Amino acid sequence: MSTVHQSSDVIVIGGGVIGLAIADRLARDGARVTLLERGQCGREASWAGAGIIQSGSWHRRDPLVQMQRDSVRDYANFTADLRERTGIDPEYECCGTMELLLEDQQYRMARSEFKAAAAYEKEYGRRVIELWTPEQARSFESAITTDLLGVKYDSTAGQVRSPRLLRALQQACIQSKVNIVEQCEVKGLIQEKDRVTGVRTVRGSQSAGHVVLAAGVWSARLDQYVAAVMPTIPVRGQMVLLNLPTPLFARVLERGRTYLVPRRDGHVLLGATQEPEAGFDKDLTAGGVAALMSMALRLVPGLKDATVATMWAGLRPGTPDSRPYIGPVPGMSGLIAATGHFRCGLTLAPTTARIVSDLILRGESPYDLARCLPGRPVENRLTAAPA
Ligand SMILES: Cc1cc2nc3c(=O)[nH]c(=O)nc-3n(C[C@H](O)[C@H](O)[C@H](O)COP(=O)(O)OP(=O)(O)OC[C@H]3O[C@@H](n4cnc5c(N)ncnc54)[C@H](O)[C@@H]3O)c2cc1C
């Protein structure tokens with residue numbers, strides 16, 4: 001078992017994709033880093049996630065969507081670097097996503113995004129969004145339903161195998177000399193006046209120049225003041241993994257918030273429900289699983305013969321306005337937030353790591369963080385479960 005260092009430059013709380021990516025980046029940028037994980041690294045939302053790596057709506061131009069697009073553009077390098085350093089391949093592929101348009105309203109929205117996306121053709125050197133007729137779509141993926149109006153294809157999107165990504169990140173952290181301490185729950189923050197100087201854990205106290213709060217949906221449980229300035233909301237997502245004797249399609253298929261992800265090994269992942277009302281409960285429900293199955297069979301009727309490999313649920317770290325908290329926590333100097341990534345944490349991990357490392361080591365962010373700062377006024381769109 002790793003030992004607890006008495007002091008480090010930075011303590012990172014939480015060993016999900018966000019905490020691990022930050023710890024690795026900081027250590028490679030020269031900091032002495034300790035990462036404290038309550039259980040085992042990479043076993044919560046990050047492990048549960050589907051691993052779709054997506055650019056966000058092409059209507060948007062704000063700094064948050066820019067972070068997301070930069071992450072997507074960096075993902076091939078990010079994962080190739082991890083593969084080279086650790087020998088573990090996160091299996092990132094830029095396979096594109098096909099949104100199946102089944103209703104007029106959806107088709108109109110896709111057309112409007114297709115027009116907006118034309119502005120990015122020069123920057124990307126190609127059309128980022130294509131609008132296909134049903135015949136065109138079926139010439140690429142013959143297994144999809146015939147009952148559709150068209151398809152919106154996003155050529156920038158891809159997928160990564162989340163469990164492999166997490167193993168690679170943990171190994172990378174070990175190689176870059178991050179002191180990872182598992183089974184070490186952080187119980188509270190140590191403060192001197194308005195400065196956070198360390199943490200209290202189940203295995204004693206530790207001090208550090210900076211503390212990074214990356215405990216996913218549990219971040220707000222650490223401290224009452226933190227819960228007030230950056231409330232986090234668990235949003236359950238149920239998933240089903242199917243087994244197929246022969247692959248039926250190669251691109252990620254989407255319908256609204258649900259999707260089918262074909263894996264290289266022949267599995268197809270169906271996801272995901274979106275249930276803030278479930279609180280911290282990670283049970284699977286008959287209704288949730290039935291909804292995923294019925295969506296899958298509607299989009300790809302040939303899946304009826306697939307067998308069920310396994311199912312699981314995870315808790316996305318939601319926030320009232322669905323934007324993450326990245327940056328200094330007001331009134332608690334030395335504490336940096338990196339949580340609340342909701343549906344996009346796997347996508348946003350490389351950029352979040354870069355921002356947090358730059359904030360701590362250079363005192364500046366490469367992005368305007370105003371819309372992500374803890375303490376911002378938020379409109380309440382999701383219902384908060386008690387922290
Ligand atoms: C079903 C589902 C599908 C998803 N699909 C996608 C997708 O396709 N693409 C995408 O980009 N994102 C997706 N997401 C979202 C993404 O998985 C999350 O945004 C991301 O994993 C959040 O990472 P995290 O490190 O903040 O949280 P977590 O992975 O939850 O990690 C937090 C860690 O902190 C630890 N911890 C908590 N409290 C303490 C404490 N007091 N002391 C020490 N450690 C503590 C926990 O044990 C945990 O390991 C999905 C999520 C779900 C649930």
Side-chain angles (χ1 to χ4, degrees), residues 11-23 34-56 68 71-72 75 97 157-163 165-166 169-170 180-189 199-203 211-223 226 232 234-241 252 254 257-259 261 269-275 278 280 282 284 288 292 311-319 322 324-326 337-353 387:
I11 290 171
V12 176
I13 307 172
V17 71
I18 300 296
L20 288 166
I22 291 171
T34 294
L35 182 146
L36 304 174
E37 164 56 46
R38 176 183 69 168
Q40 272 179 277
C41 287
R43 300 297 301 172
E44 290 291 350
S46 307
W47 175 87
I52 304 171
I53 303 304
Q54 229 165 0
S55 298
Q68 192 167 339
S71 261
V72 173
Y75 231 84
T97 52
Q159 60 155 308
V160 71
R161 292 281 289 274
S162 326
L165 173 68
L166 288 154
L169 274 171
Q170 186 168 358
I180 298 181
V181 192
E182 296 185 309
Q183 312 298 339
C184 187
E185 182 171 1
V186 174
K187 302 296 272 183
L189 303 168
V199 296
R200 280 183 296 105
T201 82
V202 287
R203 291 163 60 184
V211 174
V212 176
L213 184 49
V217 72
W218 298 273
S219 299
R221 283 188 158 177
L222 213 59
D223 181 280
V226 168
T232 44
V235 184
R236 183 171 69 190
Q238 302 185 44
M239 304 276 257
V240 177
L241 189 69
V252 174
E254 294 182 318
R257 287 175 179 157
T258 50
Y259 43 77
V261 185
L269 187 58
L270 317 183
T273 61
Q274 185 161 312
E275 304 167 274
F280 284 89
K282 283 196 282 181
L284 291 153
L292 294 176
M311 311 178 195
W312 65 86
L315 301 178
R316 304 177 185 92
T319 64
S322 302
Y325 301 114
I326 306 174
T339 189
H341 291 72
F342 192 31
R343 294 172 62 97
C344 297
L346 292 156
T347 304
L348 283 167
T351 312
T352 305

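Both backbone and side-chain heavy atoms feed into the values below; hydrogens, waters and symmetry mates do not. Indexing begins at 1, ligand by ligand and atom by atom, following the structure's order. This chain uses plain numbering: 1 for the first residue, then up along the sequence. All figures in this text were calculated on a predicted structure; none of them were measured in a lab.
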Closest protein heavy atom (residue, atom, distance) for [atom]:
atom: atom 27 (O) of ligand 1; answer: G216 CA, 3.6 Å
atom: atom 18 (C) of ligand 1; answer: F342 O, 3.6 Å
atom: atom 13 (C) of ligand 1; answer: R343 O, 3.2 Å
atom: atom 42 (N) of ligand 1; answer: V186 N, 3.0 Å
atom: atom 51 (C) of ligand 1; answer: R316 CG, 3.5 Å
atom: atom 44 (N) of ligand 1; answer: R38 N, 3.0 Å
atom: atom 50 (C) of ligand 1; answer: G49 CA, 3.6 Å
atom: atom 5 (N) of ligand 1; answer: A50 N, 3.1 Å

Out of all atoms in ligand 1, which are within 4.0 Å of some heavy atom of [X]? Include the element for each.
X: I13; result: 42 (N), 43 (C)
X: E185; result: 41 (N), 42 (N)
X: G237; result: 1 (C)
X: H341; result: 19 (O)
X: M239; result: 1 (C)
X: C344; result: 10 (C), 11 (O), 12 (N)
X: L36; result: 43 (C), 44 (N)
X: I18; result: 23 (O), 24 (P), 25 (O), 26 (O)

Practice problem: Select one of side chain, backbone, both or neither to describe which atoms of Y259 lie under 4.0 Å from any atom of ligand 1, heavy atoms only. | Solution: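 Under 4.0 Å from ligand 1, Y259 contributes side-chain atoms alone.
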Quiz item: How does L222 reach ligand 1, by side chain, by backbone, by both or by neither, if only non-hydrogen atoms under 4.0 Å count?
Solution: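 For L222, the contact with ligand 1 is made by the side chain alone.
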Is there a donor-acceptor contact under 3.5 Å from the side chain of [X] to the main chain of [Y]?
X: S71; Y: T347; result: yes
X: S219; Y: L213; result: no
X: T339; Y: G216; result: yes

Just so I know, are the side chains of [X] and [Y] near enough to count as touching, which here means a heavy-atom distance under 4.5 Å?
X: L222; Y: V199; value: no
X: S46; Y: L169; value: no
X: F342; Y: T319; value: no
X: Q170; Y: E37; value: no

Exercise. Quick one: do K282 and E44 satisfy salt bridge (Lys or Arg N to Asp or Glu O under 4.0 Å)? Show the steps, please.
Key: CA-CA 10 Å; K282 283 196 282 181; E44 290 291 350; 2.9 Å; yes
For [atom], which candidate among [options] holds the nearest heavy atom?
atom: atom 9 (N) of ligand 1; options: L213, T339, V72, I52; answer: I52
atom: atom 46 (C) of ligand 1; options: Q183, E37, K282, K187; answer: E37
atom: atom 23 (O) of ligand 1; options: S46, G15, A45; answer: S46
atom: atom 36 (N) of ligand 1; options: A215, A313, G345; answer: A215
atom: atom 22 (C) of ligand 1; options: G51, P317, G16; answer: P317

Practice problem: Specify the closest pair of heavy atoms between M239 and G49, including all atoms of both residues, with the distance to one decimal. | Solution: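 Reported closest heavy-atom pair: CE-C, 4.0 Å.
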Reported [atom1]-to-[atom2] distance for the pair [X] and [Y], which is rounded to 0.5 angstrom:
X: Q238; Y: E275; atom1: CD; atom2: CD; answer: 4.5 Å
X: L270; Y: L241; atom1: CG; atom2: CG; answer: 8.0 Å
X: I52; Y: E254; atom1: CD1; atom2: CD; answer: 5.5 Å

Exercise. Take V72 and Q54 through the test side-chain contact (heavy atoms from CB on, under 4.5 Å) and record every step on the way to the result.
Key: CA-CA 6 Å; V72 173; Q54 229 165 0; 5.5 Å; no
Quiz item: Just one of V212, I11, L20 clears the side chain to side chain contact (heavy atoms under 4.5 Å, CB included) bar with L35, so which one?
Solution: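 It is L20, the one option of V212, I11, L20 that forms the side chain to side chain contact (heavy atoms under 4.5 Å, CB included) with L35.
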